[in-house]
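A short write-up of the structure that comes next.
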Amino acid sequence: MSKDKILITGANGQLGRVLATELRKVHGKENVLATDISTTDILNNSPYEFLDIMNVMRLEEIVDEHQITQIYHMAAILSASGEWNPMKTWKVNFDGHLSILEIAEKFQIEKVFFPSTIAVFGTTTPRENTPQHVPLMPSTVYGISKSTGELWSNYYHDRYGTDIRSVRYPGIIGYQSLPSGGTTDYAVEIYHAAIKGEEYECFLAEDTRLPMMYMSDAIRATIELMQVDKENINIRTSYNLSAMSFTPGEITESIRKFIPDFKIKYKPDHRQDIAASWTESIDDSMARRDWGWKEEYDLDAMTEDMIKNLRLQFDS
Ligand code: SER
């Protein structure tokens with residue numbers, strides 16, 4: 001069995017819980033410690049510990065007690081909810097990340113994963129086929145904290161040799177979990193409404209194109225990046241990562257191939273401005289070149305799998 005001892009922060013989150021499940025398959029259940037700012041282990045599948053990422057002392061104790069060798073630092077406040085409390089979001093997203101970097105250096109952690117995001121892009125970034133190296137002018141505190149985090153990751157790698165790896169996730173869609181507080185959340189909510197036979201009120205406009213990815217591709221990308229030889233990794237800020245791009249109108253058409261009478265109405269809110277500041281599609285050729293990234297799901301393949309799995313959940 002694996003000699004790696006893995007810590008996941010934010011393990012109850014949209015990605016964290018799916019990642020914890022997959023990592024337990026790879027490394028063995030007892031070698032993957034899930035933590036979150038909740039006394040409830042959502043997976044109900046120990047080992048699990050309560051951890052507030054702001055509590056650096058407790059974070060250190062956990063790393064020490066469990067002899068952690070790898071960290072997946074998933075704890076963060078997302079783009080839309082981050083705007084309600086910018087200072088708290090900065091502290092959780094940025095100070096939390098800096099604590100992880102410090103601890104990685106102090107405890108000689110072998111590998112760290114840091115999730116970045118398309119929210120690092122801004123209105124000065126080319127909107128189509130966005131290259132890896134572009135001006136980052138994020139408009140949300142979430143984007144600011146993640147783009148600054150990318151720079152500090154690169155600094156720790158260059159200065160201390162910290163083996164930190166990262167991708168800029170697009171919007172992630174999965175049947176396993178609901179997102180919370182993000183601008184791309186509509187693309188998960190819409191499937192839940194469709195399955196329940198409800199009309200969906202979309203908070204983005206019909207033609208708002210954003211980069212997106214199916215959960216299984218996102219988790220596979222994460223694990224593949226963490227498994228590749230470190231000599232192959234040339235980007236220590238964060239890799240562009242892409243699978244598909246679509247609008248609310250296009251995902252609606254895809255759902256109607258399976259649920260023809262599905263109805264949607266559009267009522268854009270404050271999240272429309274956030275979405276409009278991001279890019280539409282991503283050039284991820286460096287991830288493809290350096291560690292062989294390739295997505296499996298396009299929009300229709302994702303829709304088919306989402307509907308199949310959500311139906312199973314709702315029927316059981
Ligand atoms: N899904 C995230 C959000 O919408 C983007 O990384 O905030």
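Numbering starts at 1 and runs along the sequence shown. In listed order, ligands and their atoms are each counted from 1. The model shown is predicted, which means the values in this text are computed figures rather than measured ones.
Counting side-chain heavy-atom gaps under 4.5 Å among Ile, Leu, Val, Met, Phe, Trp and Tyr, the cluster of I37 also holds F50.
Counting only N and O atoms by type, the side chains of E189 and Y200 include a donor and acceptor under 3.5 Å apart.
No option in R236, Q70, H157 other than R236 meets the side-chain hydrogen bond (donor to acceptor under 3.5 Å, both in side chains) test with D163.
The 4.0 Å heavy-atom shell around ligand 1 contains residues L78, S79, T117, Y142, G182, T183, T184, W278, ordered by chain and number.
The side-chain hydrogen bond (donor to acceptor under 3.5 Å, both in side chains) pairs that include a residue from residues 39-48 are N12-Y48, K29-N45, where partners are two or more places apart or lie in different chains.
The cluster map of Ile, Leu, Val, Met, Phe, Trp and Tyr, joined by side-chain heavy atoms under 4.5 Å apart, puts I100 and L51 in the same cluster.
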Which pairs would a plain distance check flag for residues 214-223, meaning a side-chain donor or acceptor within less than 3.5 Å of a matching protein atom at least two apart in sequence or in another chain?
from: Y214; atom 1: OH; to: D305; atom 2: OD2; distance (Å): 2.9
from: D217; atom 1: OD1; to: R220; atom 2: NH2; distance (Å): 2.9
from: D217; atom 1: OD1; to: E296; atom 2: N; distance (Å): 3.0
from: D217; atom 1: OD2; to: E296; atom 2: N; distance (Å): 2.9
from: D217; atom 1: OD2; to: Y297; atom 2: N; distance (Å): 3.0
from: R220; atom 1: NH1; to: E224; atom 2: OE2; distance (Å): 3.1
from: R220; atom 1: NH1; to: K294; atom 2: O; distance (Å): 3.4
from: R220; atom 1: NH2; to: K294; atom 2: O; distance (Å): 2.8
from: T222; atom 1: OG1; to: Y169; atom 2: OH; distance (Å): 2.6
from: T222; atom 1: OG1; to: A218; atom 2: O; distance (Å): 2.7

